[in-house]
Amino acid sequence: MTHQADDFVQLGATRDGLDPYLDCARRRGMRAVLVETPAYLRWRRMLGRASFDLELPVEQPQEPAEVATALAGAGVAPRLVLSGFERYVYAGFELARVVRAAPWPYVGERFRPLDKHQQREALRRSGTEVHQPRFALVGTDEAAELEYPQVVKPSDGGGGLGVLLVDDPHQRQCAVELIQGMRNYGGGEFVSVIAEEFVKGPELSLQGVAHDGRPHLLSVCEKLTTLEEVPGVPGLSGFREVGHLARHGSTADGGLLELAERCLHAAGYQEGPFHVDVIQGQAGPVFVEMGFRLSGGALVALVERATGARWAEAVFAVHLDRRPPAVPPARERAVGQITAVSQEELTAGAELARAGHDVEVVRAAPFPSGDALEAADREVLASDLSRHTGSVGRVLATAANCSEAQALLRPLVATRLRG
């Protein structure tokens with residue numbers, strides 16, 4: 001028997017331990033359905049994450065037809081389909097179109113989420129003045145013309161998987177071979193590999209919701225990023241985000257808001273959550289990439305703490321109620337967080353709290369050993385185990401502005417940060 005058409009379907013589990021869409025569905029009395037690989041569903045239970053009303057194992061959640069068949073077989077009639085993880089964004093929007101559920105058609109009847117290379121091409125074709133680094137698909141003549149240093153990455157990766165900094169052709173070849181030997185989350189090869197000239201400068205991300213093709217910015221986050229050596233490949237480094245400093249979206253200058261508007265226009269994205277990563281270059285903001293989903297890394301909670309905005313609720317409201325997101329009034333404060341990887345970092349945070357600073361330490365439950373997984377599951381989850389384990393908690397600091405929050409948090413992770 002088919003369930004009444006009031007089901008919420010989340011394609012792909014979040015990796016940061018937060019389940020904001022699940023909370024929204026429950027507040028609305030909707031049945032919440034999670035679709036994931038059998039391996040990740042088993043791992044998720046080992047992690048002690050919250051249970052959805054129905055959890056459907058699908059071998060290839062990135063294949064919309066396979067997901068649609070599984071939903072029909074389980075009697076699920078989706079009213080809303082959203083992706084919880086970057087890997088499944090492409091399938092999520094196609095699935096919504098196939099089953100005629102929100103966010104289709106208001107997201108744009110012809111909208112298809114663009115991968116990282118397609119985003120750059122769309123911005124280049126649109127003729128808008130969006131600064132972006134020179135780029136090319138690896139293996140093309142255009143790639144040989146790029147200057148070093150370069151960033152090399154999969155065009156359809158996520159969570160920093162396979163994003164590498166290279167200084168010369170030999171390193172680039174090593175990076176390409178490394179990426180081609182990887183598997184995307186849940187298995188499968190990457191679509192392509194892109195190289196782009198490295199732009200140095202402060203890194204920012206914008207969090208927002210699109211409505212009728214217009215961006216509503218909830219927050220601006222400044223990033224703390226580190227370079228990590230790639231084991232077994234001397235001289236090759238990858239990127240990892242160590243922390244974020246969030247402030248109200250109203251503090252975004254005109255250049256950032258204009259960039260967000262042009263990104264939405266170039267992508268043809270009319271409605272839904274988005275985030276845009278930029279680098280503050282000498283000539284203004286430089287586009288890095290755009291995501292058509294909520295951010296991971298516990299940013300949903302950080303955004304709410306800093307701004308009062310409930311990002312997931314705004315997404316449900318725009319898709320189900322057809323109303324623009326309610327952006328709370330500006331707050332004269334900023335909230336920062338670092339992801340701690342040692343007890344020493346958590347202890348240093350606790351000492352700040354004891355000294356009277358507005359600091360909170362959030363300890364994470366220990367990750368189970370990957371050895372507890374069957375060999376087949378370890379293979380499927382290899383990318384998850386490399387990118388989404390190792391944290392022992394977070395340290396959060398509230399201050400008058402991002403500079404003050406950073407002054408509190410940066411010493412905790414100074415040995416990990418790049419210059």
Side-chain contact, heavy-atom cut-off 4.5 Å: [X] with [Y]?
X	Y	answer
Asn401	Glu404	yes
Leu299	Asp16	no
Val315	Tyr21	yes
Gln173	Pro169	no
Arg120	Pro133	yes

Please evaluate residues Glu55 and Arg49 with respect to the criterion salt bridge (charged side-chain N to carboxylate O under 4.0 Å, His left out), reporting the C-alpha separation (whole Å), side-chain torsions for both, the decisive distance (0.1 Å), and the verdict. CA-CA 12 Å; Glu55 297 183 352; Arg49 300 284 163 81; over 6 Å; no
Backbone N/O of [Y] and side chain of [X]: donor-acceptor pair under 3.5 Å:
X	Y	result
Arg44	Ala50	yes
Arg322	His319	no
Ser237	Leu165	no
Asp253	Gly255	yes
Ser83	Tyr90	no
Gln10	Gly12	yes
Gln337	Gly297	yes

Under 4.0 Å between a side-chain nitrogen and a carboxylate oxygen: does that hold for [X] and [Y]?
X	Y	answer
Arg247	Glu222	yes
Glu36	Arg15	yes
Arg310	Asp23	no
Arg42	Glu374	no

Point-to-point distance, once rounded to the nearest 0.5 Å, from [atom1] of [X] to [atom2] of [Y]:
X	Y	atom1	atom2	result
Leu294	Leu82	CG	CG	8.0 Å
Leu409	His244	CG	NE2	12.5 Å
Thr14	Phe85	OG1	CZ	9.5 Å
Arg331	Thr398	CZ	OG1	10.0 Å
Gln270	Leu264	CD	CG	8.5 Å
Glu129	Glu258	CD	CD	9.5 Å

Identify the two heavy atoms, one from [X] and one from [Y], that lie closest to each other, and give their separation to 0.1 Å.
X	Y	answer
Cys263	Met290	CB-SD, 3.8 Å
Ile279	Val199	CD1-O, 3.3 Å
Val327	Leu217	CG1-O, 4.0 Å
Trp311	Pro273	NE1-CB, 4.2 Å
Gly157	Lys116	O-NZ, 2.7 Å

Of Arg172, Gln171, Glu197, which meets side chain to side chain donor-acceptor pair (under 3.5 Å) against Gln150? Arg172
For Ser192 and Ser155, what are the C-alpha separation, side-chain angles and deciding distance, and is it a side chain to side chain donor-acceptor pair (under 3.5 Å)? CA-CA 6 Å; Ser192 59; Ser155 60; 2.7 Å; yes
Please indicate whether [X] has more than 12 foreign heavy atoms, meaning atoms of other residues, nucleotides or ligands, lying under 6.0 Å from its [atom1].
X	atom1	value
Tyr106	OH	no
His265	NE2	no
Glu229	CD	no
Arg110	CZ	no
Asp321	CG	yes

Indicate the ring-plane relationship of Phe111 and Phe93, choosing parallel, tilted or perpendicular according to the 30° and 60° boundaries. perpendicular
What is the ring orientation for Tyr185 with His388, classed by angle as parallel under 30°, tilted 30 to 60°, or perpendicular over 60°? tilted
Given ring pair (Phe, Tyr, Trp, His ring centres under 6.0 Å), test Tyr269 with Phe274 step by step and report yes or no. CA-CA 9 Å; Tyr269 192 56; Phe274 71 88; 7.1 Å; no
Side chain to side chain contact (heavy atoms under 4.5 Å, CB included) evaluation trace for Val58 with Thr69: CA-CA 10 Å; Val58 174; Thr69 298; over 6 Å; no
Could you go step by step and tell me if Arg387 and Glu86 meet the salt bridge (charged side-chain N to carboxylate O under 4.0 Å, His left out) rule? CA-CA 13 Å; Arg387 297 300 302 181; Glu86 182 70 19; over 6 Å; no
Between Ser205 and Glu203, is any side-chain donor less than 3.5 angstrom from a side-chain acceptor? no
For Gln343 and Arg363, test the side chains for any donor-to-acceptor distance below 3.5 angstrom and give the result as yes or no. yes
